[in-house]
Structure formats: C-alpha cells, structure tokens
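In the text below, chain A, chain B and the rest are named by the order of the sequence lines, each starting its count at 1. In what follows, every heavy atom counts, from backbone to side chain, and hydrogens, waters and symmetry copies are set aside. These numbers come from a predicted model, not from an experiment.
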Number of protein chains: 2
Amino acid sequence: MKKLPDKTVERLSQYRRSLLNCLANGKKHIFSHEIANLHHITPVQVRRDIMLIGYTGTLRKGYDIQELVDLIGEIIDTDEGQNVAIIGIGNLGRALVTYLQGKRSKLRIAAGFDINKDKVDRVYGGVQCYHIDQLEEIVKKENITIAVITTPADETQKISEMLVKAGIRGILNYTPTAINVPDHVYLEEYDMITSLEKVAFFVKKNSLTV
Amino acid sequence: MKKLPDKTVERLSQYRRSLLNCLANGKKHIFSHEIANLHHITPVQVRRDIMLIGYTGTLRKGYDIQELVDLIGEIIDTDEGQNVAIIGIGNLGRALVTYLQGKRSKLRIAAGFDINKDKVDRVYGGVQCYHIDQLEEIVKKENITIAVITTPADETQKISEMLVKAGIRGILNYTPTAINVPDHVYLEEYDMITSLEKVAFFVKKNSLTV
DNA sequence: ATTAAATTGTTATTTTATTAACAAAATTTT
DNA sequence: AAAATTTTGTTAATAAAATAACAATTTAAT
C-alpha cells in the first residue's frame with residue numbers, strides 16, 4: 001500500500017466511527033455523499049480516501065459498510081491492539097478514559113501515571129493509576145506503546161524523555177509546551193488554548209467584515 | 001492586512017505563549033531560530049509568519065519580544081476581550097477552565113452550562129454553571145460570542161442549534177459527532193479519539209518499516 | 001580595512017491537500 | 001429499446017502550506 005496522507009488517516013478514523021453507528025442502526029450500504037454529509041466534507045474526498053485504501057464500492061449501491069469498517073480496521077489497527085498510557089490523571093486524563101470506554105476500540109488504556117500520592121494506586125474509570133517512577137516497569141509489563149501527556153504542569157520535556165527511555169513509540173501531547181523526541185517516536189501535539197484563540201480570531205475577523 | 005493562513009494564526013498563538021514565557025524570564029530579544037526551536041519548526045517558517053503580520057526585527061539582534069507579543073495581541077485579540085461558554089461541565093470542560101486560568105488571556109470563560117441538576121448553580125474553578133435552558137438568556141447578558149462543546153453525549157447537533165439561535169459566533173466542538181452550522185458561525189472541530197488512532201496508525205507503520 | 005559570519009525579509013520552488021472534471025457502468029425512466 | 005440519471009473511480013487542475021534559495025545588511029574577526 002502506498003503511503004496514506006496524514007489527513008486521510010484522520011478521516012478514515014472518523015468515517016469508521018460513523019459507519020459503526022450506521023451498522024448499529026441496521027444500515028448495510030452507504031453512498032459517498034452520505035458519508036460526506038456526516039462529516040461535512042465533499043463526496044469526492046470520501047471517494048478519494050476510499051480509493052487510496054484500495055476498496056471499491058458497487059455502482060449505484062454504494063459501499064458495503066461492514067466491509068469498509070473491516071478494511072479501515074485492518075489499516076489502522078494492529079491485530080493484537082495497542083496499549084496506551086495516560087500521563088497525568090487530572091480532568092483531561094479522566095475525560096479521555098471516559099471517551100474511549102465502550103468504543104470497542106483496539107486501543108486499550110492500560111495504565112495511568114501521576115505524581116500525586118492521593119491518585120497513585122487508585123483506579124479511575126477502570127484504569128489503574130501508578131506513580132510516574134514505575135513508568136518503565138509498567139510500560140514493559142503491559143506492553144504499552146503509546147502515551148498521552150495530559151499534565152498541565154511544565155515538566156513536559158522531562159516526562160517525554162522518560163517516555164522515550166521506557167520504549168514508548170508514539171506520543172500525543174496535550175501540554176501547551178512542545179517537546180522534542182527522537183525520530184523513531186511519532187509525535188502529535190495539540191493545544192486547546194491555541195484552538196480556542198484560533199476560533200476567537202476568526203470570530204473577530206468575521207465581525208469586522210460583516 | 002492580507003488574509004492570514006489558518007496555520008499561521010495557530011502558530012502566532014503558540015509563539016505568543018512562549019514569548020510571554022521568555023519575557024517572564026527577563027529575555028528581551030529573540031532570534032527566529034530560537035522561536036523555531038521552541039516549536040520544532042524551521043526558522044524560515046517563523047520569519048515568514050512574522051513577515052505576514054508586518055513586523056520586522058532588527059538584523060543580528062532578532063525580534064523585540066515585547067513588541068512582537070503586543071502585535072500578535074492586536075491581531076488575535078479584540079480590545080474588550082471575548083467571552084466564552086463551556087457547554088458540558090464534565091472532565092473536559094473543567095480541564096479547559098484550569099488550562100485557561102492564569103493565562104492572562106483576553107478570553108474569559110464567562111459561564112458553564114449543563115443539564116445535570118447537581119452541577120447547575122454551582123461554581124467550578126470560578127465559573128458559574130447554569131442549566132442549558134438558560135443559554136440564550138446568559139449568552140446575551142454576558143455577551144458571550146464563543147462556545148466550546150465538551151459534552152460526551154450525542155445531543156450535539158441539537159446543542160449547536162441552540163448555540164446558533166442564542167447568537168454564538170464561533171464554536172469549538174470536542175464531541176466525536178460533527179455538526180452543521182450556518183456560514184456566519186465559525187466552526188472548529190477536534191476529535192481526541194481520532195488523534196489517538198492517528199498516533200496508533202503511525203506507530204504501527206513505523207514498527208513495520210523498521 | 002577586508003573578509004567572514006550571522007541574521008533578516010522575500011521571492012521562488014516543492015510538497016501536500018483539496019476540488020473539479022469526466023469516463024464507465026448500473027439502474028431507472030420514457 | 002433508447003435515453004436519462006446516478007454513482008463510482010481516477011486523472012487533472014487548483015489551492016494551501018512548507019521549504020529552499022538568496023540578496024541585503026549588520027556585526028565580528030582577521
């Protein structure tokens with residue numbers, strides 16, 4: 001398979017979620033424009049994404065939802081699934097646990113980590129919380145490959161070094177501080193304040209031009 | 001001012017945050033490559049962004065941090081600031097309140113909304129929580145222009161219609177369900193599960209090719 | 001005083017992502 | 001049975017974003 005564009009990967013994940021929804025409602029087939037409407041994008045983009053993963057629908061009947069879901073699964077997921085650690089069991093960490101629960105995903109939150117003694121050794125939404133010092137040990141034991149950093153504090157770079165050392169292969173960083181990781185670790189960063197300021201900017205701009 | 005690219009707006013917000021940090025540490029000037037290092041991007045991109053907002057540094061001395069911060073503020077912020085509502089005072093909503101506190105931002109979280117009777121009329125991190133039925137009333141009273149949807153549930157489209165009706169001009173949607181809004185409302189959507197699945201995909205891919 | 005190094009600002013190029021265009025085939029309508 | 005419509009798959013065109021290239025200029029080094 002040729003290299004999938006970043007954005008296509010993101011959209012495939014989203015398609016799958018709404019396709020699972022359709023399946024749950026007893027729907028069997030779907031047209032590109034239906035998928036497009038669910039994600040307010042164009043039907044062409046949907047067809048192009050689907051083309052890129054080598055699936056073909058049937059003319060005038062659309063795509064077989066189950067087949068498409070399965071294929072997206074083959075592309076995105078690993079057979080055994082992947083284990084995720086949440087670093088920082090604050091509000092955001094707990095929100096993530098909630099969001100993932102019941103999503104019959106191949107991603108399993110296998111552990112949480114914190115420095116707060118009150119949180120360590122407790123269970124949050126079914127996730128055991130360990131002290132950050134146990135990181136390496138637990139990452140090995142639970143075969144964790146992915147970490148989500150949700151600490152509001154500014155220890156981020158230090159934490160990321162611990163993660164890399166422990167053998168983590170992908171990091172999703174929700175901290176406002178950007179971090180540096182070696183090439184073999186995939187890094188995705190997202191900053192909520194920036195998103196909010198972006199919305200604010202475009203609201204301001206629209207107000208001016210209207 | 002010519003139209004700023006989306007991505008430039010995002011980066012300006014991020015630059016400002018680290019520049020404020022520098023200021024707090026007593027730093028007065030900064031080079032493009034220093035800013036670049038803080039955000040692991042290239043110096044060219046930094047210079048280009050700064051060029052687009054019409055600021056010029058001094059050769060061999062870099063950019064005056066205070067001036068740059070002020071200019072970014074002029075571009076992103078409004079003079080009076082903007083008021084934000086959080087829809088859904090769950091974990092994610094509370095995380096946002098925490099993240100914004102003490103960030104001396106022009107964005108003020110003016111109200112929270114929920115349907116849970118236990119949450120209504122309480123104060124979370126300094127933010128008063130109202131029942132969702134009071135939305136229109138409070139939005140007018142507090143002059144709220146921006147809403148962040150952080151409900152995990154699937155009432156999203158209905159909520160977004162309420163927001164539009166109440167006069168909201170920009171929405172940041174953290175729900176996994178995409179929503180439709182009229183053209184005059186700016187919409188930004190972000191899906192945490194998708195980000196996580198994206199990381200998982202690239203971790204898998206790297207494992208295969210290495 | 002000359003040369004070398006560092007740094008900005010800007011234009012040009014390349015890459016990535018989106019949208020448009022359209023042929024091919026299945027179905028429906030006339 | 002022929003024509004019209006719908007829908008896919010794919011190539012071509014456009015737009016957006018990132019990177020490279022490089023002139024201009026200041027400072028530092030020789």
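- As rounded to whole Å, 15 Å separates atom C1' of dG9(C) from atom CD of Q45(B).
- We find that CZ of F31(A) is positioned 11 Å from C1' of dT27(C), with the value rounded to whole Å.
- Note on ring orientation: taking the six-membered ring where Trp is involved, the planes of Y174(B) and Y190(B) are perpendicular (angle over 60°, cut-offs 30° and 60°).
- Rounded to an integer number of Å, the gap from H39(B) NE2 to dT19(D) C1' is 19 Å.
- In this structure, K7(B) places its NZ atom 10 Å from C1' of dA18(D), rounding to the nearest Å.
- Of the candidate nucleotides dA17(C), dT7(C), dA17(D), dA17(C) has the atom nearest to the side chain of P5(A).
- Taking atom CZ of R11(B) as the reference point, atom C1' of dT19(D) lies 12 Å away to the nearest angstrom.
- Rounded to whole Å, atom P of dA26(C) lies 15 Å from atom OH of Y63(A).
- Where T42(B) and R47(A) meet DNA chain D, the nucleotide closest to each residue was compared, and R47(A) sits on the side nearer the 5' end.
- Within 3.5 Å, no donor on the side chain of R48(A) pairs with an acceptor on the base of dT10(D), nor the reverse.
- Take the nearest nucleotide of DNA chain C for K61(A) and for T8(A): the residue whose nucleotide is more 5' is T8(A).
- Atom CE in M51(A) sits roughly 9 Å away from atom C1' in dT11(D) (whole-Å rounding).
- As a whole-Å value, the separation of H29(A) NE2 from dT6(D) C1' is 16 Å.
- Between the side chain of R60(B) and the base of dT8(C), no donor-acceptor pair of N or O atoms lies under 3.5 Å.
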Discussion item. If you apply the rule ring-ring contact (aromatic ring centres under 6.0 Å, His included), what do you find for Y15(B) with H39(B), and how did you get there?
Written reply: CA-CA 8 Å; Y15(B) 298 163; H39(B) 298 91; 5.4 Å; yes
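- Side-chain contact between V139(A) and Q134(A) is absent, with no heavy-atom pair separated by less than 4.5 Å.
- Between M162(A) and E136(A), the closest side-chain pair of non-hydrogen atoms is not below 4.5 Å.
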